[in-house]
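For reference, the structure discussed in these notes is given below.
Since the model is a prediction, treat every value here as computed from it, not as a measurement.
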Amino acid sequence: MEECSEVPLLSSRRLSGGRTLAGMESSMLRQFPLLLPQNREKTVYEGFISAQGRDFHLKIVLPEDLQMKKARLLCSWKLRTILNGYHQIIQQRMQHSPDLPSFMMDLKIILEAALKNKRELHAPPPPHFYSHLIQELEALGWDKLVYVDPCFSNIKLKAQDASGREHQITLKLKAKFPAEAPDCIVDFPVPFPVSWTPQSSLQSVYSQFLAALDALKAFWDVMDEIDEKTWVLEPEKPTRSATARRIALGNNTSINIELDPRHPTMLPECCFLGADHVVKPLGMKLSKNIHLWDPENTVLQNLKDVLEVDFPARTILEKMDFTMDCGICYAYQLDGAIPDQVCDNPQCGQPFHQLCLYEWLKGLLTSRQSFNIIFGDCPYCSKPITLKMSGRKP
């Protein structure tokens, strides 16, 4: 027998309507013969409720005065799963049920409705649904098919853009397909709205997918060049939808850029991370040379020209030039964050996680805080260090 788990459903009224305790017992035995009292006081009933030819285990515990207000309903895992989403209506019916037999009748009606809805939801499509889909896949080309599940409800297709990158689109077909548009899942940096009518086909979705790949080609060309020719610190494994890159500059300094996928060669949002004595000159160069930005050039070339720097590749950037580990926890990643706080002392330049440095400075009696800025001493060189807390809570 399945183990019962409690469902937080309570009833609210004592026996009423002229029904006696003996009458309630007789009604329960007649209408629910598989749900039997487990003690002389008739405060515990356990057994089965039947609906649509199936039996479901449950248990009902009543208080000593048999009032439903403090009764407990415990369901087997199977029954609980079927009634998921019906808890509110069951609560309402229990509040208005005068006694246990009345509630059990209401529960049976709800259970039968839940079973009917689940059966309709999982009913297999008619045969012409599958034949129609196979015809569409044949017209599209089997070489474009990556995966299809046994129910033909999830279909994954692939395509290459003009630069030879492979992309995939997952189509989740709904019960009313093709009258209802499928859900389309893609790894794009922009939304992918699909134009669909009841006369549309998989070919029309695939054509829109190819058009979107063409529109995003320039963006992915820019990101690929950055990934190939620089040391990207974050994200470690960028997806095709990622629009930001944090790039190492050396001397424990990096730049975070955020590109507009629709205008990938325009000046991106730039944020420098590192010690002030290194970051401030870079910010000044960006302001002074911003007029040199040429949308006809690549983003990487423009950044080199504007910042007057060369971006070292990971293969040539030595460990001594860019200390990646936090000086407090000695790790690189901490809950997805990497060290982005750097000591301003040119002879130190040790990086720290914001959280690690925050906890360190808060533990020092000599530290002081003004609004979101904490002043203290560097854990490595003991020179003054300043931590400006970002919007995220440490």
Side-chain angles (χ1 to χ4, degrees), residues 1-126 149-151 153-154 172-177 179-180 183:
M1 183 175 291
E2 294 180 82
E3 181 181 354
C4 287
S5 58
E6 184 170 351
V7 179
L9 305 173
L10 301 177
S11 120
S12 62
R13 293 188 179 182
R14 66 171 66 239
L15 295 179
S16 61
R19 193 194 297 268
T20 64
L21 179 59
M24 185 189 78
E25 294 177 9
S26 175
S27 178
M28 287 293 295
L29 185 60
R30 183 176 63 257
Q31 298 176 7
F32 302 96
L34 299 181
L35 187 63
L36 302 175
Q38 302 297 304
N39 58 6
R40 290 185 177 182
E41 294 78 14
K42 307 297 190 294
T43 57
V44 179
Y45 281 79
E46 185 170 4
F48 298 87
I49 182 173
S50 302
Q52 297 187 4
R54 300 171 62 184
D55 297 329
F56 300 93
H57 183 222
L58 79 163
K59 182 178 182 180
I60 297 177
V61 181
L62 301 170
E64 292 182 0
D65 57 9
L66 301 182
Q67 293 189 45
M68 299 294 290
K69 184 177 182 180
K70 297 182 179 180
R72 290 185 297 154
L73 172 65
L74 299 98
C75 299
S76 66
W77 175 86
K78 185 183 297 183
L79 179 58
R80 187 183 182 94
T81 301
I82 293 174
L83 293 177
N84 184 36
Y86 291 85
H87 289 179
Q88 185 174 359
I89 189 172
I90 293 176
Q91 286 178 332
Q92 292 174 352
R93 295 316 307 154
M94 292 194 69
Q95 291 174 0
H96 294 86
S97 296
D99 49 37
L100 181 57
S102 299
F103 167 70
M104 290 302 300
M105 288 298 298
D106 289 337
L107 181 62
K108 183 172 182 177
I109 293 173
I110 295 171
L111 178 57
E112 289 177 341
L115 288 170
K116 180 181 178 182
N117 290 337
K118 288 186 179 295
R119 187 175 66 250
E120 292 177 351
L121 183 64
H122 297 94
D149 67 359
C151 298
S153 58
N154 290 281
K172 293 184 175 293
L173 308 187
K174 301 178 181 179
K176 297 181 180 179
F177 179 87
E180 193 174 5
D183 290 332

Report task. Can you see which heavy atom on Ser97 is nearest to which on Phe103, and at what distance? Result -> OG-CA, 3.4 Å

Query raised in the report: In terms of heavy-atom contacts, does CD of Glu64 have more than 12 from other residues, nucleotides or ligands at under 6.0 Å?
Result: no

Query - Derivation of the side chain to side chain contact (heavy atoms under 4.5 Å, CB included) call for Ile49 and Lys108 - result: CA-CA 7 Å; Ile49 182 173; Lys108 183 172 182 177; 4.1 Å; yes

Query raised in the report: For residues Thr81 and Asn84, is any side-chain donor paired with an opposing acceptor at under 3.5 Å?
Result: no

Query - Heavy-atom pair with the smallest gap, counting every atom of Arg80 and Cys75 - result: N-CB, 4.1 Å

Query raised in the report: Can you name the closest pair of heavy atoms from Lys42 and Asn39 and give their distance?
Result: N-OD1, 3.0 Å

Report task. For residues Leu35 and Glu46, report the shortest heavy-atom separation together with the two atoms involved. Result -> CD1-C, 3.5 Å

Query raised in the report: Which atom names give the shortest non-hydrogen contact between Met24 and Pro101, and what distance separates them?
Result: CG-CD, 3.3 Å

**Report entry** Criterion side chain to side chain contact (heavy atoms under 4.5 Å, CB included) on Met104 and Ile60, from CA distance to verdict
**Finding:** CA-CA 10 Å; Met104 290 302 300; Ile60 297 177; 3.5 Å; yes

Query raised in the report: Atom NZ in Lys59, atom CZ in Arg72: separation rounded to 0.5 Å?
Result: 7.5 Å

**Report entry** Crowding at NZ, Lys172 (>12 non-hydrogen neighbours, <6.0 Å)
**Finding:** no

Report summary line: Between Ser50 and Leu34 the two heavy atoms that sit nearest each other are OG-CD1, 3.8 Å

